[in-house]
Engineer: 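Structure in structure tokens, see below.
Below, chain A is the first sequence line, B the second, and so on; all start at residue 1.
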There are 2 protein chains.
Amino acid sequence: MEEIAWLNEVEMRAWRGMLSAHAQLYGKLDEELVAEHGITFAEYEVLVHTSEGEDGSIRMSALADAALVSRSGLTRRVQHLVAQGYLERRRCKEDKRGTFAVLTSSGWTKLIEASKTHIRGVREHMMSKLTAQETEELANALEKMLK
Amino acid sequence: MEEIAWLNEVEMRAWRGMLSAHAQLYGKLDEELVAEHGITFAEYEVLVHTSEGEDGSIRMSALADAALVSRSGLTRRVQHLVAQGYLERRRCKEDKRGTFAVLTSSGWTKLIEASKTHIRGVREHMMSKLTAQETEELANALEKMLK
DNA sequence: AGGATATAGTTGCAAGTGCAATCAAATTTG
DNA sequence: CAAATTTGATTGCACTTGCAACTATATCCT
């Protein structure tokens, strides 16, 4: 079996760690939200980013960027959340091409409830495993990767 | 707009960083492999983990675990790689329920070529942004998350 | 031994996704 | 100002995925 030129051991651990830690964390958080609130993590993210917009509303394209999904993907996620009663769509008056997603009051309630599960999950599956310093080092490294 | 109870600032940066850094890195590595070698990152991972098995072969279930995919998902990825000529399937003699995925010589060649692109990508999009110490801190934090 | 249970793997199916094409509205440009 | 281009968003389509059901083989247990 031929040997493949590779990364050094620490680089390898960092890179493999990105894949595994992300997959494991994402999987658990998704599972818990579905079990306790009937929404996926992807849907929860849409609610979160909508809530962070002005008056709990945000343009579709901005929401797609924030939620790390394609525009077509977002259109359908929002459709689904509208069908569930958590979002409304509102045409944009200044730019008639545009559409806002707007949290309904039912959406606010759902978000607040689901966020308890979510935050508990992040603490349990991520923060509880790390010291404050490690958390800071992790945040630092991840942000440098994004530049 | 109501305020949602949340994580502290550092925790938030670490958690958001996991999502964004993973998405950005995965996206770039996938794009480069597709452009230069016509295989997805997911397929590349299957080739890598197969190559690491004995004689470039590995049981389907072990491969599914290593490649972070469901067994049904793996069955189809392997089907696709077999169709492309990079893998063969071999029945397991000791356990007739089992199947091995085995790298073909064309698969070895593909893997070796693709790994150059992959490693270059990991260096360029990840390691080049980090000092050796930051890489180590990152690896450390990610591994602790997995425990 | 042999029936019950567990394990390896595949398949049908439904759901989610992105790309390319499309439509409508806004903006640029000649 | 009208034509050309750009931008915001949605839709058709193909592809990937996981779950549940299923088949085949292996193991457990009395």
Engineer: D:dT25, C:dG18, C:dT11: which one has an atom nearest the side-chain heavy atoms of A:Val69?
Structural biologist: C:dG18

Engineer: Rounding to a whole Å, what distance do you find between B:Met60:CE and D:dG18:P?
Structural biologist: 13 Å

Engineer: Rounding to a whole Å, what distance do you find between B:Arg91:CZ and C:dG9:P?
Structural biologist: 11 Å

Engineer: Once rounded to the nearest 0.5 Å, what's the spacing between atom CG of B:Leu87 and atom CG of B:Leu63?
Structural biologist: 8.0 Å

Engineer: Base, sugar-phosphate, or nothing: which does B:Gln79 touch, judged by heavy atoms less than 4.0 Å apart?
Structural biologist: sugar-phosphate

Engineer: Quickly work out the B:Leu74 CG to D:dT16 P distance and round it to whole Å.
Structural biologist: 14 Å

Engineer: Does a nitrogen or oxygen in the side chain of A:Ser61 sit under 4.0 Å from OP1 or OP2 of D:dG8?
Structural biologist: no

Engineer: Answer yes when B:Glu43 and B:Arg76 have at least one side-chain N-carboxylate O distance shorter than 4.0 Å, and no when they do not.
Structural biologist: no

Engineer: Is there a side-chain contact between B:Thr99 and the phosphate of C:dA8, meaning an N or O under 4.0 Å from OP1 or OP2?
Structural biologist: no

Engineer: Is B:Lys28 salt-bridged to B:Glu124, cutoff N-O under 4.0 Å?
Structural biologist: no

Engineer: Mind calculating the distance between CZ (B:Arg59) and P (D:dA26) to the nearest angstrom?
Structural biologist: 10 Å

Engineer: Which nucleotide, C:dG9, C:dG18, D:dT17, lies nearest any side-chain atom of B:Arg77?
Structural biologist: D:dT17

Engineer: Which nucleotide in the set D:dG12, D:dG18, D:dA9 lies at the smallest distance from any side-chain heavy atom of A:Arg76?
Structural biologist: D:dG12

Engineer: Between D:dC15 atom C1' and B:Glu43 atom CD, what is the distance in whole Å?
Structural biologist: 11 Å

Engineer: Please state how far atom OH in B:Tyr26 lies from atom P in C:dT17, giving the value in whole angstrom units.
Structural biologist: 14 Å

Engineer: Would you please classify the geometry between the B:Tyr44 ring and the B:His118 ring as parallel, tilted or perpendicular, with 30° and 60° separating the classes?
Structural biologist: tilted

Engineer: For residues A:Glu113 and A:His37, is any side-chain donor paired with an opposing acceptor at under 3.5 Å?
Structural biologist: no

Engineer: Detail all sub-3.5 Å separations between protein N/O atoms and N/O atoms belonging to nucleotides 1-7 of chain D.
Structural biologist:
residue, atom, partner, partner atom, Å
D:dT7, O2, A:Arg97, NH1, 2.8

Engineer: Starting from P on C:dA6, measure out to CG on B:Asp95 and report it in whole angstrom.
Structural biologist: 17 Å

Engineer: Measure from CG on B:Leu81 to C1' on D:dT16 and round the result to the nearest Å.
Structural biologist: 13 Å

Engineer: Both A:Ser72 and B:Arg89 contact DNA chain C. Which one's nearest nucleotide lies toward the 5' end?
Structural biologist: B:Arg89

Engineer: Is the base of D:dC19 touched by the side chain of B:Ser70 through a donor-acceptor pair closer than 3.5 angstrom?
Structural biologist: no

Engineer: List for me each residue that meets side-chain hydrogen bond (donor to acceptor under 3.5 Å, both in side chains) alongside B:Glu88, sequence neighbours excluded, and say none if there are none.
Structural biologist: none

Engineer: Using a distance-only test with no angle check, is there a side-chain donor-acceptor pair under 3.5 angstrom linking B:Glu32 and B:His125?
Structural biologist: yes

